[in-house]
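Reading through the structure tokens given below for one structure.
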Protein chains: 2
Amino acid sequence: MTAIKENSTLNANRENNKATCPVSYVMSKIGGHWKPVILYHLMSGPKRYSELKKLIPAITEKMLIQHLKQMQQDVLVIRKAENIVPPFVTYSLSFEGEELKPILDAMVEWAFARDFKA
Amino acid sequence: MTAIKENSTLNANRENNKATCPVSYVMSKIGGHWKPVILYHLMSGPKRYSELKKLIPAITEKMLIQHLKQMQQDVLVIRKAENIVPPFVTYSLSFEGEELKPILDAMVEWAFARDFKA
DNA sequence: ACAAGTACTTACCCCAAAGTATGTAAGATG
DNA sequence: CATCTTACATACTTTGGGGTAAGTACTTGT
């Protein structure tokens, strides 16, 4: 969510790619180190913030909420908070988030068809 | 192809993800700003280095060969050089590179099902 | 002799993404 | 009353991906 500087070729290239290449567009939504992992875990159903944290031990809390927030803005995930204390917040895939499944499934299939060993 | 420092949590996390999450594994192969674009152009058949350069004007030569080299190492693309001068080098998708099509196709479909406008 | 073309290579720099560390609200529980 | 829990927030630092710019080898065309 950090502010973005305007005048840099780097960012110009990025914006240009997102605008002209559908694949880059998708990458801008689900790329990076953590988004796919988070999405993967949400595929198996809604999860609490703390559950996600436990499922992905290596992620820091900062990264976790940062990406959850971004994906909320991109309407890939839905945040639902019970107004109680201690807080109870669940994250789930939106309709458009669910529609990412074919992509991720294709990726998983490809990975296992190669040298990937879980 | 720049050297990679060993002892950093950043890289440790990356390696860990690649090893444990199939989606991250795929991302490590085709992620980044340029790899998908290059692959996309190779989908329509083998291309010379200079052709790729013309097809992707925004890319710098450094990035182009860097990623072509990486994808060679990952056996996604095949490099074929005629031993003549001026050089004549063609890049094409390997079998495993071709098998990325379903993934990229799924991405394109998803992009157009959303607000993406070419 | 000099520019042009092709496929690179190399050195240097910059910045945004990711990591580290610490703090906060508000009620439940002992 | 002090600690625990949950779901964050935020300041500060690091790092590696990408950008810029320049050079190289070898031949052909003028």
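Predicted model only: the values in this text are computed from it and were never measured. First the proteins, then the strands, lettered A, B, ... as listed; each starts at 1.
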Any donor-acceptor pair under 3.5 Å linking the side chain of [X] with the backbone of [Y]?
X	Y	result
B:Lys35	B:His33	no
A:Ser94	A:Ile78	no
B:Trp110	A:Glu96	yes
A:Glu98	A:Phe95	no

Once you round it to whole Å, what is the distance between [atom2] of [N] and [atom1] of [X]?
X	N	atom1	atom2	answer
A:Gln72	D:dA7	CD	P	14 Å
A:Tyr91	D:dA7	OH	P	8 Å
B:Met63	C:dC13	CE	P	17 Å
A:Lys69	D:dC8	NZ	P	8 Å
B:Asn83	C:dT6	CG	P	18 Å
A:Lys35	C:dA17	NZ	C1'	11 Å
B:Ile59	C:dA7	CD1	C1'	14 Å
B:Ile38	D:dG17	CD1	P	15 Å

- Task: Would you indicate whether A:Tyr40, at its atom OH, is surrounded by more than 12 heavy atoms from other residues, nucleotides or ligands within a distance under 6.0 Å?
- Result: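 Counting other residues, nucleotides and ligands, OH of A:Tyr40 stays at 12 neighbours or fewer.
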- Item | B:Gln72 atom CD: more than 12 heavy-atom contacts under 6.0 Å |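 Yes, CD of B:Gln72 has more than 12 neighbouring heavy atoms, counting only those of other groups under 6.0 Å.
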- A:Val77 and side chain to side chain contact (heavy atoms under 4.5 Å, CB included): which partner among A:Met71, A:Lys47, A:Lys69, A:His67? A:Met71
- What pattern of brackets, bars and dots sums up DNA chain C from 5' to 3', given Watson-Crick or G-U wobble pairs under 3.5 Å, [ ] for crossing pairs and | for another strand? ||||||||||||||||||||||||||||||
Is there a side-chain polar atom (N or O) of [X] under 4.0 Å from OP1 or OP2 of [N]?
X	N	value
B:Tyr49	C:dG5	no
A:His67	C:dA18	yes
A:Arg79	D:dC8	yes
B:Arg48	C:dC8	no
B:Ser50	C:dG5	no
A:Lys53	D:dC8	no

- Item | Nearest-nucleotide 5' precedence on DNA chain D, A:Pro87 against A:Lys62 |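 So the residue in question is A:Pro87.
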- Message: Need to verify one output field. Residue with the more 5' nearest nucleotide on DNA chain C, A:Gly32 or B:Glu51?
- Response: B:Glu51
- Contacts of type ring pair (Phe, Tyr, Trp, His ring centres under 6.0 Å), residue A:Tyr91, not counting sequence neighbours: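 So A:Tyr91 forms no ring pair (Phe, Tyr, Trp, His ring centres under 6.0 Å) with any residue.
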- Side chain of B:Pro86 (C-beta onward), nearest among C:dA18, D:dG19, C:dG5: C:dG5
- B:Thr60 side chain, from C-beta outward: closest of C:dT20, C:dT9, D:dT20: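 Within the option list, the nearest is D:dT20.
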- Message: Under 4.0 Å, counting only non-hydrogen atoms across every strand here, what does B:Val85 touch: a base, just sugar-phosphate, or nothing?
- Response: base
